[in-house]
Number of protein chains: 2
Amino acid sequence: MNDTTTAAPLRAPLYRDIERRLTDALTHGEWKPGTAIPPERRLAARFGISLGTLRRAVDELVAANILIRQQGRGTFVARHTRDREAFHFLRIVPGRGPKAYPDVRLVAFARGKAGPDVAAALAVAPGASLFRIRNVLWLGTAPVIVDDIALSAARFAGLTERAFRERGSTIYRFYEEAFGISVVRTRERLRATRADAVAARLLDVPNGSPLLAIRRIAQSYRDVPVEYRISRVDTARHEYWADIGS
Amino acid sequence: MNDTTTAAPLRAPLYRDIERRLTDALTHGEWKPGTAIPPERRLAARFGISLGTLRRAVDELVAANILIRQQGRGTFVARHTRDREAFHFLRIVPGRGPKAYPDVRLVAFARGKAGPDVAAALAVAPGASLFRIRNVLWLGTAPVIVDDIALSAARFAGLTERAFRERGSTIYRFYEEAFGISVVRTRERLRATRADAVAARLLDVPNGSPLLAIRRIAQSYRDVPVEYRISRVDTARHEYWADIGS
DNA sequence: AAGTGGTCTAGACCACCAT
DNA sequence: TGGTGGTCTAGACCACTTA
């Protein structure tokens, strides 16, 4: 939650320690997305700390959308649902009218090599092997977004076009279930660009139309980058939303 | 911090109550931006609650950037500094190279009437009197952003072009000091557009160049809208950043 | 009824800042 | 040295879910 630039105190507070031990357990797959972690009283006993301190550590992970509390039921490891992927990570909404789920259509699946930018973004060596996936997202009755996704072939070993096409769930849920990779945050950079020939054709807009270009780095626990994605969005009838300070 | 859609429990927790009483005091000007609120132990006694509960209420306001804790010194009402306005609310950064403070140049100051969209955004009656302000923001050696600001003339009674031009501080700090209006959050919607003749001239780009258009509603305590702003950004060498899930 | 998370208390002690 | 926020504890009781 802190700025990455914040100086670490000489002795980290106990709840940070516990927080680290909890994400350790998550990273090592001790608790899977969608399942409950042990009850708070049990965890507090296991770590030999008070309930208040344990709750504080869990609070941090809840705030980071890594854990989800449900009163009376338990605390669960967050998992990607259709809603979460469509309305939390996908920040494109209609200018007017209700939100809709995107219809994701795979248009290209290939292997490639990482250029310097992608390599830096994914923390792999330049020239490392990649999967490159292109999707067109339909919202309502029109194509609105072209997504170009780059994945490290090493991290997603065994991925095939067929598995991706027939995944039967959202993309991030698929990463979770098939590769044990949980996307917990994204960093996005936006620019206004012009549609090139490919995007113009896929989005059915004139060549040179203004498109919103979003560069996204998706990260897992511990800020490990797992996906690099460039989205180009036709914002004639849709827009990107960002609330600051809430 | 909660979804606005969350059903309210039958009996609100005590700390929500305290949080409301604290923002009441802020709204009524009991504590001014930049000054310290009373120490936590004193506030807890004043409200007749435990320190833990008082801290929880303060925690919420700290998370919302309304209060700022400083260990050993006190808890202060957040105030707009150059850094906060330039790096927290202004989400435009250079594509490469270090961030810089914007140089804000006023190019137009006028009165006008609210159309339906602006009226809805500012929660004023359609046709209500407005101030309309246009600034060009320079970053480094080039004009990068055109800001068109709309303010309710009633809420900013007495504002003059001269006062705005000679404000001697950032814009949001000026709202705070001259009108007691504290901006604590913004809601932004982004689109890719083409530069019209005016923007092209002010930003020194060809007519029709792609520009990032940002519609911003700035809100004070209790989500009261206080400013409507449309920014048009030349993203050739700058970009907009958004981190999700952190 | 049993088990979970949610709220609230009372108090001890630590870390940091100003004087 | 005194005053501030930061951490941690131990425990009581409430609210909600499931069986």
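The model shown is predicted, which means the values in this text are computed figures rather than measured ones. Convention: sequence-line order gives letters A, B, ...; per-chain numbering from 1. As a basis for the values below, the full set of heavy atoms in this structure was taken, side chains included, without hydrogen atoms, waters or symmetry mates.
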Query raised in the report: Touch check for A/R56, heavy atoms < 4.0 angstrom, all strands: base, sugar-phosphate only, or nothing?
Result: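 Sugar-phosphate contact only.
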Under-3.5 Å N/O pairs linking protein and nucleotides 8-11 of chain C:
residue, atom, partner, partner atom, Å
C/dC8, OP1, B/L14, N, 2.4
C/dC8, OP2, B/L14, N, 3.2
C/dC8, OP2, B/Y15, N, 3.2
C/dT9, OP2, B/S50, N, 3.0
C/dT9, OP2, B/S50, OG, 2.8
C/dT9, OP2, B/T53, OG1, 2.5

So, using side-chain contact (heavy atoms from CB on, under 4.5 Å) as the criterion, who are the partners of [X] when residues are at least two apart?
{"X": "A/K99", "result": "A/F87, A/V93, A/P94"}
{"X": "A/T160", "result": "A/R162, A/A163"}
{"X": "B/A25", "result": "B/E30, B/W31"}

Requested in this report: Taking only heavy atoms on the protein side, list every residue of residues 31-46 of chain B lying under 4.0 Å from any atom of DNA chain C, sorted numerically.
Outcome: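 Here the set is B/R41.
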Please list every donor-acceptor pair under 3.5 Å in which a side-chain atom of residues 71-82 of chain A meets a protein atom from a residue at least two apart or in another chain.
residue, atom, partner, partner atom, Å
A/H80, NE2, A/V183, O, 2.7
A/T81, OG1, A/R84, N, 3.0

Using salt bridge (charged side-chain N to carboxylate O under 4.0 Å, His left out) as the criterion, list what pairs up with [X], not counting sequence neighbours.
{"X": "B/R222", "answer": "B/D24"}
{"X": "B/D148", "answer": "B/R134, B/R232"}
{"X": "B/R173", "answer": "B/E177"}
{"X": "A/E40", "answer": "A/R55, A/R69"}

**Report entry** Residues which pass ring pair (Phe, Tyr, Trp, His ring centres under 6.0 Å) with B/F156, listed by chain and number, not counting sequence neighbours
**Finding:** B/Y175, B/F179
Extract from the structure each pairing of a protein N or O with an N or O of nucleotides 17-19 of chain D at less than 3.5 Å, listing the distance.
residue, atom, partner, partner atom, Å
D/dT18, OP1, A/R73, NH1, 3.1

Query raised in the report: Any side-chain N or O of B/R69 under 4.0 Å from OP1/OP2 of D/dG6?
Result: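 For B/R69, the contact criterion (side-chain N or O under 4.0 Å from OP1 or OP2 of D/dG6) is met.
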Requested in this report: Go through the side-chain N and O atoms of B/Y101 and B/D83 and say whether any donor and acceptor fall under 3.5 Å apart.
Outcome: yes
